[in-house]
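The shown structure was predicted, so the numbers you read here are calculated from the model rather than taken from an experiment.
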Protein chains: 2
Amino acid sequence: MNNPDKAHQAVYTIAQAARKTGYDAETLRYYEREGLLRGIARKGARRVYTEENLRAISLITCLKKTGMPLKAIKEYVALTARGEKTVAKRLDLMRRHSREVARQLAEVTSFKERIDFKVWYYETAQREGLPAVADVDALLARYRRETGRNVSF
Amino acid sequence: MNNPDKAHQAVYTIAQAARKTGYDAETLRYYEREGLLRGIARKGARRVYTEENLRAISLITCLKKTGMPLKAIKEYVALTARGEKTVAKRLDLMRRHSREVARQLAEVTSFKERIDFKVWYYETAQREGLPAVADVDALLARYRRETGRNVSF
DNA sequence: ATACTACTTTGAGTTTACTCAAAGTCAAGG
DNA sequence: CCTTGACTTTGAGTAAACTCAAAGTAGTAT
């Protein structure tokens with residue numbers, strides 16, 4: 001074991017790949033069946049994952065966690081498989097997705113402000129009893145005064 | 001129509017509430033069935049939405065879009081319905097969720113950096129042909145040099 | 001008054017993304 | 001050599017979050 005020839009072009013079993021990527025082995029097989037993962041080599045009948053394959057998996061994670069559905073990821077992977085002539089399409093797709101993620105970040109940031117207002121509201125409630133929600137504007141004004149933060153909704 | 005008595009305590013039909021909140025009327029009924037929405041008044045058999053109800057809906061949106069499952073939102077709504085004695089629990093829940101959203105924002109921000117690296121990669125590919133992915137580190141170093149941005153993965 | 005919508009309920013169906021189970025085969029390490 | 005883990009296919013099951021269909025009713029416009 002620890003053959004130097006293998007050390008610098010390390011490959012992994014499905015169980016190792018699963019552990020390294022945080023997925024279940026079943027899910028890795030499922031992704032391959034669905035066309036999200038291509039070119040996974042076999043040694044006999046068994047899957048063998050290279051470092052490059054692991055990078056492809058972590059790109060899937062990246063796209064998935066930023067809200068891209070598997071179907072769209074699959075289309076992107078299919079473009080990649082069609083080679084250099086699809087670069088313009090892939091660029092367009094990634095640019096759109098980047099813009100979408102920016103939109104999403106802005107949205108979630110503003111939602112977090114509202115959640116933090118709720119936190120303040122309940123902290124206040126613990127000290128003083130539940131403030132009347134009826135007068136939302138007065139409550140927001142007080143929040144702004146006391147915390148220096150702003151919220152809009 | 002346009003009764004001033006009704007103007008300052010406006011109420012809405014389900015269709016109007018749906019339009020104002022961006023949900024489908026079916027979804028609003030579903031949320032009510034599921035216990036995410038409580039205390040929606042009826043006029044005869046029909047639902048009547050107040051401004052306060054709309055605020056409750058937009059809070060659901062806020063929690064949902066920040067990744068809280070409907071089941072958890074339902075539990076929060078149930079706490080709220082149990083009155084002031086659950087304030088400590090609600091505070092705890094909101095604090096945890098705020099922290100979770102912060103984690104999520106950091107994660108998505110770093111994923112966006114990777115997506116923007118892909119954008120740069122394809123822009124470069126359009127000018128120069130596809131750079132070899134084999135040497136990821138060299139590619140990352142060049143990206144850093146040319147854009148001043150950093151990426152890690 | 002009557003026609004036309006928009007509404008009601010109940011219950012079934014859909015989509016996404018897994019997740020498991022069965023049944024049998026295969027290959028490598030201790 | 002035998003245990004362990006992996007492989008195959010097929011097909012079913014699950015959970016979350018809707019989404020639609022059917023049949024009936026209530027409120028508004030003419």
Considering only residues two or more places apart or on different chains, which pairs with a residue in residues 68-81 of chain B satisfy side-chain hydrogen bond (donor to acceptor under 3.5 Å, both in side chains)?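 Every pair satisfying side-chain hydrogen bond (donor to acceptor under 3.5 Å, both in side chains) with a residue in residues 68-81 of chain B: A/Tyr122-B/Tyr76.
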
Salt bridge (charged side-chain N to carboxylate O under 4.0 Å, His left out): pairs with one or both residues in [range], sequence neighbours excluded:
range                       : answer
residues 125-137 of chain A : A/Glu128-A/Arg142
residues 44-54 of chain B   : B/Glu32-B/Arg47
residues 92-115 of chain B  : A/Lys65-B/Glu107, A/Glu123-B/Arg95, B/Asp92-B/Arg96, B/Glu100-B/Arg103, B/Arg103-B/Glu107, B/Lys112-B/Asp116

Categorize B/Gly44 for me: base, sugar-phosphate, or nothing, with a 4.0 angstrom heavy-atom threshold over every strand shown. sugar-phosphate

d(OH, B/Tyr12; P, C/dC7) in whole Å: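 Rounded to whole Å, this separation is 15 Å.
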
May I have the distance from A/Lys74 (atom NZ) to C/dT16 (atom C1'), rounded to whole angstrom? 12 Å

Could you work out, with side chain to side chain donor-acceptor pair (under 3.5 Å) as the rule, every residue matching A/Arg38, not counting sequence neighbours?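 None.
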
Protein heavy-atom contacts under 4.0 Å, written 5' to 3' over nucleotides 7-24 of chain D as B (base), S (sugar-phosphate only) or - (none), form the string SS--------BBBB----

